[in-house]
Amino acid sequence: MENGNSVPLTVKVDSPMTAQDYVKRIAIFNERNPQPNVALFYLNPRAGHALVSTRIRLGDSQNIVAIAQLSDGTFWSDKAELIVTLPACVES
């Protein structure tokens, strides 16, 4: 359960992060906020790890989706349900 004003979010992709095999991008989306695009991170082999962290605001409990684009052109995705007990982004 989270306070929707500041929800910590970390995405990790199991990748060797070598010149031949690495994560190029990680995109994060939400399904219920007015702006579904949360963040887009660009990575390269020099990053060492495919790990990104941020804090987001959520107006309601919802699924968060992360999509990783790998250097070979494939995409991996996963989602997590976040339960918000104190919503942010509430319009009067």
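Predicted model only: the values in this text are computed from it and were never measured.
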> What distance do Leu40 atom CG and Ile28 atom CD1 have between them, rounded to the nearest 0.5 Å?
Replying inline: 9.0 Å
> Can you name the nearest heavy-atom pair linking Thr10 to Ser53, along with the distance?
Replying inline: OG1-OG, 2.9 Å
>> Restricting to side chain to side chain contact (heavy atoms under 4.5 Å, CB included), what partner residues turn up for Asp72, sequence neighbours left out?
In response: Leu70, Thr74
>> Looking at every non-hydrogen atom in both residues, tell me the closest pair between Val7 and Asn3 and how far apart they are.
In response: CG2-O, 3.4 Å
>> Among residues at least two apart in sequence or on other chains, which ones pass side chain to side chain contact (heavy atoms under 4.5 Å, CB included) with Ser77?
In response: Ile67
> Taking only residues two or more places apart in sequence or in another chain, which ones pass side chain to side chain contact (heavy atoms under 4.5 Å, CB included) with Lys79?
Replying inline: Asn63, Val65
> Under the side-chain contact (heavy atoms from CB on, under 4.5 Å) criterion, do Val23 and Met17 qualify, and how do the steps go?
Replying inline: CA-CA 7 Å; Val23 176; Met17 296 302 283; 4.1 Å; yes
> With sequence neighbours left out, what residues match Val52 under side chain to side chain contact (heavy atoms under 4.5 Å, CB included)?
Replying inline: Val11, Ile26, Phe41, Leu43
>> Listing request: all side-chain hydrogen bond (donor to acceptor under 3.5 Å, both in side chains) pairs with a residue in residues 15-25, at least two apart in sequence or in separate chains.
In response: Arg25-Gln69
>> Connecting only ILVMFWY residues whose side-chain heavy atoms lie within less than 4.5 Å of each other, what is the rest of Leu51's hydrophobic cluster?
In response: none
> Pairs in or reaching into residues 30-54: which pass salt bridge (Lys or Arg N to Asp or Glu O under 4.0 Å), with residues at least two apart or in two chains?
Replying inline: Arg32-Asp60
> Is there a donor-acceptor pair under 3.5 Å between the side chain of Asn33 and the backbone N or O of Arg57?
Replying inline: yes
>> Does Ile56 form a side-chain contact (heavy atoms from CB on, under 4.5 Å) with Ile64? I'd like the steps, not just the answer.
In response: CA-CA 11 Å; Ile56 62 174; Ile64 303 298; 4.1 Å; yes
